[in-house]
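Every value quoted in this text rests on a predicted model; they were computed, and no experiment measured them. Throughout, a chain's letter reflects where its sequence line sits, starting with A, and its residues are numbered from 1.
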Protein chains: 2
Amino acid sequence: MDKGSPEAEWREDCAPRRVLALFATKWTSMVLHTLHARHQGAARTGVLLRSLPGISKKMLTQTLREMEASGLLTRHVQGSVPPAVEYRLTALGRRCVAPVELLYAWGRENADALDQLARRPTARR
Amino acid sequence: MDKGSPEAEWREDCAPRRVLALFATKWTSMVLHTLHARHQGAARTGVLLRSLPGISKKMLTQTLREMEASGLLTRHVQGSVPPAVEYRLTALGRRCVAPVELLYAWGRENADALDQLARRPTARR
DNA sequence: CTGCATCCCAAACGATACTG
DNA sequence: CAGTATCGTTTGGGATGCAG
């Protein structure tokens with residue numbers, strides 16, 4: 001497994017790490033999940049805004065921009081007189097829904113255990 | 001799907017959201033992946049430190065503490081004269097390796113596409 | 001309706017030095 | 001070797017108001 005250096009692993013800017021960085025933000029996973037599980041992969045701004053309790057307009061747009069730049073979704077302007085914009089998962093984006101759904105499912109399945117742990121004030125002594 | 005409020009979805013502190021929050025940090029996913037894929041689920045501090053290029057001692061400990069509090073791994077003191085501590089994935093932790101591995105694999109598979117997108121200076125015009 | 005700009009705070013992160 | 005403490009920087013994130 002080791003080649004040159006004894007323990008060196010990933011480069012700091014390799015694709016997997018950039019991906020993980022993308023999901024290391026508060027809303028990316030939730031936007032992806034909501035878009036997929038609640039809206040069949042396409043939804044307008046306002047709908048997403050209401051589907052994600054607690055998100056602000058700013059963070060939604062920002063998150064969508066990053067996801068767009070990463071190729072997870074595309075932006076479609078449908079009207080402008082009132083503006084109507086729809087965001088759609090790309091093929092690439094659809095292919096990475098699974099991990100998020102798994103994580104989400106894992107959370108639901110182990111909700112009880114996780115809740116108990118969360119309740120425990122000082123797990124370590 | 002909707003019960004009371006028109007579009008209300010997850011509570012802010014439900015288990016899935018806490019899980020996503022846990023992974024919405026820079027190192028959690030990478031620690032989990034490294035521990036699982038490179039060290040068969042158990043490794044000592046120094047090993048992890050060297051397996052994760054760029055991480056600092058502080059961030060490693062902090063991340064490990066959070067993962068421990070969430071029940072993903074346990075801490076085992078093996079010696080103290082020089083200190084020797086091993087971290088091991090729990091059953092719970094092992095069960096949530098899959099999502100991370102999927103995400104990581106997705107990154108590797110689509111590395112080319114992702115690299116091209118990253119190279120593009122202004123994706124939006 | 002959608003998006004941007006601004007201000008501002010809190011938190012995450014990183015470097016370093018120190019203890020057992 | 002493992003861990004903590006402290007400090008300083010950066011960034012993420014939220015509130016609000018304005019514009020197309």
For this session: Report the C-alpha separation of T74(B) and E68(B) in whole Å, then their side-chain angles, then the decisive distance to 0.1 Å, and conclude whether the side chain to side chain contact (heavy atoms under 4.5 Å, CB included) test is met.
Result: CA-CA 6 Å; T74(B) 49; E68(B) 188 190 5; 5.7 Å; no
For this session: Please test C96(A) against L72(A) for side chain to side chain contact (heavy atoms under 4.5 Å, CB included), starting from the C-alpha separation and ending with a verdict.
Result: CA-CA 8 Å; C96(A) 95; L72(A) 296 186; 3.8 Å; yes
For this session: Show your reasoning for whether side chain to side chain contact (heavy atoms under 4.5 Å, CB included) applies to T61(A) and R65(A).
Result: CA-CA 6 Å; T61(A) 327; R65(A) 291 288 174 278; 3.6 Å; yes
Problem set entry | Derivation of the side chain to side chain contact (heavy atoms under 4.5 Å, CB included) call for L114(B) and W106(B) | CA-CA 10 Å; L114(B) 293 169; W106(B) 181 86; 4.0 Å; yes
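Whole-Å rounding puts the L49(B) CG to dA15(C) P distance at 12 Å. Here dT2(C) presents its P atom at 10 Å from CG of L60(A), a figure rounded to the nearest Å. The CG atom of L64(B) sits 16 Å away from the P atom of dC1(D) (whole-angstrom rounding). In this structure, the CG atom of L48(A) is 10 Å from the P atom of dG3(C), given to the nearest Å. Put simply, CD1 on I55(B) is 14 Å from P on dA2(D), counting in whole angstrom units. Here dC1(C) presents its C1' atom at 12 Å from CD of Q78(A), a figure rounded to the nearest Å. Rounded to whole angstrom, the span from the CZ atom of R65(A) across to the P atom of dG3(C) amounts to 5 Å. The CD-C1' distance, from E68(B) to dA2(D), rounds to 14 Å in whole Å.
Side-chain polar atoms of H39(A) and S51(A) form a donor-acceptor pair below 3.5 angstrom. At a cut-off of 3.5 Å, with distance as the only test, a side-chain donor of E101(B) or H33(B) sits close to an acceptor on the other residue.
Scanning DNA chain D for stems, defined as runs of 3 or more consecutive Watson-Crick or G-U wobble pairs whose donor-acceptor distances all fall under 3.5 Å, gives the following ranges: C:1-20 with D:1-20.
The shortest non-hydrogen separation linking P53(B) to R17(A) is O-NH2, 3.2 Å. Heavy-atom minimum distance, L89(B) versus R94(B): O-NH2, 3.5 Å.
Contact annotation: R75(B) does not reach the phosphate of dA2(D) (side-chain N/O to OP1 or OP2, under 4.0 Å). The phosphate of dC1(D) (OP1 or OP2) has no side-chain N or O of R44(B) nearer than 4.0 angstrom. Between T61(A) and dC4(C) there is no side-chain polar atom (N or O) within less than 4.0 angstrom of OP1 or OP2. Distances shorter than 4.0 Å separate none of the side-chain N or O atoms of Y87(A) from OP1 or OP2 on dT2(C). When the side-chain nitrogen and oxygen atoms of S80(B) are compared with OP1 and OP2 of dG20(C), none of them lie within a distance under 4.0 Å.
In terms of position along DNA chain C, the nucleotide closest to A84(A) lies nearer the 5' end than the nucleotide closest to the other residue of the pair A24(A) and A84(A).
You'll find that the side chain of S56(A) is closest to dA15(D), out of dG3(C), dA15(D), dA2(D).
Taking 3.5 Å as the limit, the base of dG13(D) and the side chain of K26(A) contain no donor-acceptor pair of atoms between them. At a cut-off of 3.5 angstrom, the base of dG3(C) holds no donor-acceptor pair with the side chain of K58(A).
Nucleic acid contact class of T25(B) (heavy atoms, under 4.0 Å, all strands): sugar-phosphate only.
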